[in-house]
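Worksheet: the structure to be examined is printed underneath.
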Amino acid sequence: MILATWNVNSLSVRLEQLLAWMKENKPNIVCLQETKSVDEKFPCEPIVSLGYHCQYFGEKTYNGVAIIADRPIEKVQKGFVGEPTSSSKRFIEAEIDGIKILNTYIPNGQAVGSEKFFYKLSWLKGLKDHLEKMHSPGTPMVLCGDFNVAPEDVDIYDPQAMAGQIMCSDEERLALNDIRSWGFTDAYRLLEPGAGNYSWWDYRMGAFRRNMGFRIDHIWITQPLKDKCVKAWIDKAPRKLERPSDHAPVAVELTN
DNA sequence: ATGGTTGTAAAACAA
């Protein structure tokens with residue numbers, strides 16, 4: 001089974017690229033972030049026509065997450081349990097084929113020390129609380145999405161220049177590490193230990209051409225899935241297209 | 001160079 005995560009930065013703008021990518025790569029599950037689409041306008045028809053189901057949790061202008069799968073999407077939960085609005089449209093989870101799929105768009109945080117930065121840290125705490133309330137690390141589970149954190153220096157093109165900056169600060173890494181140590185393994189890093197592999201490049205300054213990137217989009221798995229994870233990759237092809245998302249899709253293959 | 005670009009939505013704001 002192939003599972004992918006992709007911050008599309010507006011689903012309406014990126015719909016044709018998404019459909020083309022799905023036709024070519026035939027993923028079984030796709031988790032989207034930054035759909036920037038209200039639920040009434042979610043483009044179900046072309047996705048269903050390709051043979052997929054979809055569940056979505058969106059809003060106007062900002063945020064928005066969705067799960068697309070080639071098999072039934074069950075037990076859908078939108079937002080953290082008990083507080084669907086305060087977590088904003090940044091979290092959706094479901095069960096697919098007995099695997100819990102948690103799809104998240106963690107706040108960007110703007111700048112270290114800013115109001116949005118502290119919102120990011122409190123949001124991460126909310127995610128941890130949700131995990132502890134609702135889940136057990138012994139169950140087959142995937143936590144994926146745009147985490148807006150580069151976990152280690154190897155995940156940044158210039159660790160010295162970026163030291164302590166947003167997406168790389170100790171506070172963010174500690175908060176994210178607290179979630180990881182609850183019971184997750186970074187599936188990509190498990191299989192691809194090398195440096196220079198990123199999932200996001202700023203639109204500005206020719207960042208993609210110069211590979212000035214950050215690995216901030218992640219697929220994390222619990223222990224029962226660890227041995228089943230046989231392949232992980234970042235597909236840079238869509239980032240090379242006209243009018244690309246600033247993020248590339250990240251994917252893993254899990255065996256039965 | 002305190003810069004640069006994109007999306008949303010109609011002037012800033014978020015990223």
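Each chain gets a letter, A, B and so on, in the order the sequences are listed, and its residues count up from 1.
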Need one value for A:Tyr105: base, sugar-phosphate or nothing, where a base atom within 4.0 Å counts as base even if backbone is also close, heavy atoms only. sugar-phosphate
Below 4.0 angstrom from OP1 or OP2 of B:dT8, is there any side-chain N or O of A:Lys60? no
Between the protein and nucleotides 3-7 of chain B, which nitrogen or oxygen pairs are less than 3.5 angstrom apart?
residue	atom	partner	partner atom	Å
B:dG7	OP1	A:Arg14	NH1	3.1
B:dG7	OP1	A:Arg14	NH2	3.3
B:dG7	OP2	A:Arg243	NH2	3.2
B:dG7	O3'	A:Ser10	OG	3.4

For the pair made of CG in A:Asn63 and C1' in B:dA14, what is the distance, rounded to whole Å? 9 Å
Would you measure the distance from the P atom in B:dG3 across to the matching atom in B:dC13 and give it in whole Å? 15 Å
In numerical order, the residues of residues 151-161 of chain A whose heavy atoms come under 4.0 Å of DNA chain B are none
Using the P atom in both, what is the distance from B:dA14 to B:dA9, to the nearest Å? 14 Å
For residues 110-125 of chain A, which residue pairs pass the salt bridge (Lys or Arg N to Asp or Glu O under 4.0 Å) check, not counting sequence neighbours? A:Lys120-A:Glu172, A:Lys125-A:Asp129
For A:Asn108 and B:dC13, give me the distance from atom CG to atom P, rounded to whole Å. 16 Å
Side-chain donor-acceptor contacts of residues 247-256 of chain A below 3.5 Å, not counting sequence neighbours, with atom names and distances?
residue	atom	partner	partner atom	Å
A:His247	ND1	A:Asp217	OD1	2.9
A:His247	ND1	A:Asp217	OD2	3.2
A:His247	NE2	A:Asn7	ND2	3.4
A:Thr255	OG1	A:Lys228	O	3.4

Mind calculating the distance between CD (A:Glu59) and P (B:dA14) to the nearest angstrom? 13 Å
Round to the nearest Å and state the distance from A:Trp200 atom CH2 to B:dA15 atom P. 12 Å
Quick one: A:Lys41 NZ to B:dT8 C1', roughly how many Å, whole number? 12 Å
Qualifying residues under salt bridge (charged side-chain N to carboxylate O under 4.0 Å, His left out), relative to A:Asp97, sequence neighbours excluded: A:Arg71
Between the side chains of A:Glu192 and A:Asn197, does any donor sit under 3.5 Å from an acceptor? no
Ignoring hydrogens and angles, state whether a donor on the side chain of A:Gln77 or A:His130 is under 3.5 Å from an acceptor on the partner side chain. no
With sequence neighbours left out, write down each residue that passes salt bridge (charged side-chain N to carboxylate O under 4.0 Å, His left out) with A:Asp39, or none if nothing qualifies. none
Expressed as a whole number of Å, how far does the C1' atom of B:dG4 sit from that of B:dA15? 13 Å
So side-chain hydrogen bond (donor to acceptor under 3.5 Å, both in side chains) across residues 56-65 of chain A, not counting sequence neighbours, yields A:Glu59-A:Asn63, A:Asn63-A:Arg90
In whole angstroms, how far is the C1' atom of B:dT2 from the CD atom of A:Gln110? 15 Å
Ring pair (Phe, Tyr, Trp, His ring centres under 6.0 Å): pairs with one or both residues in residues 157-180 of chain A, sequence neighbours excluded: A:Tyr157-A:Phe214
Which pairs of donor and acceptor atoms, one on a side chain in residues 219-227 of chain A, lie under 3.5 Å apart (sequence neighbours left out)?
residue	atom	partner	partner atom	Å
A:Thr222	OG1	A:Thr139	O	2.6
A:Thr222	OG1	A:Met141	N	2.9
A:Thr222	OG1	A:Met141	O	3.4

